[in-house]
Each structure stands twice: as structure tokens, then as C-alpha cells.
Amino acid sequence: MPVLPHVREMLRKQHYYLVGEHGAVKLCHWLKKKLTEGRACYKENFYGINSHRCLQMTPAVDICNHACIYCWRYQAPQEWPLNVRSSGGWDDPRELVEGLIEGQRALLTGYKGNPKTNLRLWEEAQNPNQAAISLSGEPTLYPHLSELIEEFHRRGFTTFLVTNGTMPEVLERLDPLPTQLYISVDAPNERIYKSLCRPYIRDGWERIKKTLELLPSLDTRKVVRHTLVEGWNLGYVKDYARLDKVASPEFVEAKAYMFVGYSRQRMRIDNMPSFERIKSFAEELSRELSYTYHAEQPPSRVSLLISDPKRIKVRLDN
């Protein structure tokens, strides 16, 4: 079924540009900052992508099998159950990519007249070269994900796929793989997972563990990201370390939950950890994993650990 009319209206008010039946793009906060202030997101500072040329998109805007209480995105996954489509109701990947790029350009239009905008960067932003497949929903529920990634790569994009890890069978079949694969591991154990991520599926935790076991066999750059919420899942360093050791990713990110968007209806500002708390967690986790504490970005409250800085090229510089 397509996105419901009242949901479409709500998303438009929140400056989503909808494409087809279930695709969407939205300008990232850091893309705007890069254009008007020259400030970049942590992914540019860590990995070398260009914030102003990043396409923040989703092929599954209203489809998710989690209802995480810390999710900052629009209300939808919190307010209705998993949206399911028939096999004939999915948008073509090529048309989706074309529409997403057009949507990004449409959303950028007003910035040309902003006196604070760097016009050179604005011109470059018209031709994005990095796709963050992460905006909303769970992208591995889109059945043509391989073809979507292939279409981005055909156009010279790098791709960062962010998934909650509940669809290991999809990741195992992906061809091509994304440039960088993010697995969000936002609970140290099943009890916290069920209360914090509120899965619609009964075996979500077992599926996440299968994904972590699968990761070492996937020939691409892997990141395990821990989104940490004060009073819920922050701490438990040894438990997170056990999970990370199974996955053996090149990178681990420790990132604070941010008190923004619709999460403010379910969380308190006290649930947002300080950067000092995140850094302390990351330093302790680095010792447990024997990873190197490699980088940090205090405004985003995020720290980056790397498994082998002598062997791994961190920056893509695209």
C-alpha cells in the first residue's frame, strides 16, 4: 500500500520530498551547515565524504520493523504497525534514484538566494555523489536494495547503508555491497533491546546476532554504531564489546542520542548524554576491544574507534 495521504502531508510539512510510493529525500542538517557556514558533518571529518554532496534518502520512508522510542524521525513508525506492500507495489530503483536526485535539487533551490550560501558549494551540491541510505524506515525491507545500490554506483556515488541488522538474509544476498555498511547495535542485551527498540518482530534480537556473525564475511567497510541513551543503554561496556568482537568491524562509532524531533514526545532532555560521557564510554570500549580511539566530533557527540589504523584507510575522499 502507498504512503497514506495524511502521512504524506505530514512528511511534506517536515520538508521531506517524496518520490514514488515509498521513497524520500530530505536535506541533512549538516548539508545546510556546510552551504551556509562551512561546517561539515562527522562523516565528512571521519570518512572524507562531502557533506554538501550527500543525498540523505530512504527507499522505505514509512516501513520499519522497530518503533524505537529514541527515534527522532516523524511519528509514523511509532503510531502504526509495520507497513507491508505486495511484491508488485515497489518502485523501480532507477526511477527512484532519478527522482531522489531531482528532489534534492528542488529542496536546494531556495539556498541559492541566501546571502550566507557558498555558491560554489551550492553548484556542487546539484550533483550529489554520496548516498546515505538511512533517512527513515528500514532500507533492507525494500526488496530491490541491491539494484538501488548498483544504480547509485553506476552514477559514481559512494553509498553508506544504515540498517538495524534485523534482515541478515538480505545483507548476505546484497550484490553489490554498499561502500560502507552501518549496523546499529543500540542495546547491549535482549531485555534492553525489547524495551528500547520495541520490535514488531519476535526474533529481532536473534536476527541482529546473526547479522553480527555474518559481518566478517562481507567484503566491504563495516561500522557498528551504538546510539547511546542516558538511563537506558549507556554503559554495559563489556556486553557491547562481546557483540562487537563477534562482528569484528573496521570501525565502531559511539554516538549520543540527540533530544530532537519526535523523540521529545517520548524522552527527556536528561536522556541525551554529554560528549564527555560518550568519550568516556568510547575510551573504555576501545580498551575492551583493543581498538584505537581515532577521532571525535564534540558537536555531534560522537567518537570513532578503529581496529587497525596502520592497515585501514579511513577516508574515502570522494
Closer than 4.0 angstrom, basic N to acidic O: yes or no for [X] and [Y]?
{"X": "Lys238", "Y": "Glu288", "result": "yes"}
{"X": "Glu169", "Y": "Arg207", "result": "yes"}
{"X": "Asp92", "Y": "Arg94", "result": "no"}
{"X": "Glu44", "Y": "Arg39", "result": "no"}
{"X": "Glu151", "Y": "Arg154", "result": "yes"}

Does [X] use its side chain to pair, donor to acceptor, with the backbone of [Y] at less than 3.5 Å?
{"X": "Arg105", "Y": "Leu100", "answer": "no"}
{"X": "Asn129", "Y": "Phe157", "answer": "no"}
{"X": "Arg173", "Y": "Val170", "answer": "no"}
{"X": "Thr211", "Y": "Gly165", "answer": "yes"}
{"X": "Ser51", "Y": "Ala40", "answer": "no"}
{"X": "Ser286", "Y": "Thr292", "answer": "no"}

ask   = Relative to each other, are the rings of His22 and Tyr142 parallel, tilted or perpendicular (30° and 60° limits)?
value = tilted
request  = Look at the side-chain heavy atoms of Ile, Leu, Val, Met, Phe, Trp and Tyr, link any pair under 4.5 Å apart, and say whether Trp30 and Leu121 land in one connected group.
outcome  =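 Result: no, two separate clusters.
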task = Answer with yes or no whether the hydrophobic clustering places Leu119 together with Leu35; edges join I, L, V, M, F, W, Y residues whose side-chain heavy atoms lie under 4.5 Å apart.
result =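 As far as the 4.5 Å side-chain criterion goes, Leu35 and Leu119 are not connected within one cluster.
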No-hydrogen, no-angle side-chain donor-acceptor test under 3.5 Å, [X] and [Y]:
{"X": "Tyr293", "Y": "Ser303", "answer": "yes"}
{"X": "Asn65", "Y": "Glu138", "answer": "no"}
{"X": "His52", "Y": "Asn118", "answer": "no"}
{"X": "Asn233", "Y": "Tyr70", "answer": "no"}

Please report the shortest heavy-atom distance between [X] and [Y], naming the atom on each side.
{"X": "Ile278", "Y": "Arg301", "result": "CG2-O, 3.7 Å"}
{"X": "Leu243", "Y": "Pro188", "result": "CD1-O, 3.9 Å"}
{"X": "Pro168", "Y": "Leu214", "result": "O-CD2, 3.5 Å"}
{"X": "Val314", "Y": "Phe46", "result": "CG1-O, 3.1 Å"}
{"X": "Glu230", "Y": "Met272", "result": "CB-N, 4.5 Å"}
{"X": "Ile133", "Y": "Ile149", "result": "CD1-CG1, 4.0 Å"}

request  = Mark yes when over 12 heavy atoms from residues, nucleotides or ligands other than Lys210 sit less than 6.0 Å from its NZ; otherwise mark no.
outcome  =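 No, the 6.0 Å shell around NZ holds no more than 12 heavy atoms from other groups.
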message = Looking at Asp219, I want to see if its CG is surrounded by more than 12 non-hydrogen atoms of other residues, nucleotides or ligands under 6.0 Å.
response = no
Side-chain donor-acceptor pairs of residues 248-258 under 3.5 Å, sequence neighbours excluded:
unit_1: Glu250; atom_1: OE1; unit_2: Lys222; atom_2: N; d: 2.9
unit_1: Glu253; atom_1: OE1; unit_2: Tyr42; atom_2: OH; d: 3.0
unit_1: Glu253; atom_1: OE2; unit_2: Tyr47; atom_2: OH; d: 2.7
unit_1: Glu253; atom_1: OE2; unit_2: Tyr182; atom_2: OH; d: 2.6
unit_1: Tyr257; atom_1: OH; unit_2: Ser263; atom_2: OG; d: 2.8

Would you indicate whether the side-chain heavy atoms of [Y] and [X] approach each other to under 4.5 Å?
{"X": "Glu124", "Y": "Asn50", "value": "no"}
{"X": "Leu108", "Y": "Leu31", "value": "yes"}
{"X": "Val162", "Y": "Arg225", "value": "yes"}
{"X": "Val223", "Y": "Phe160", "value": "no"}

key: Option passing side chain to side chain contact (heavy atoms under 4.5 Å, CB included) with Tyr193 (candidates Ile208, Asp186, Val185)   =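 Between Tyr193 and the candidates, side chain to side chain contact (heavy atoms under 4.5 Å, CB included) is satisfied uniquely by Ile208.
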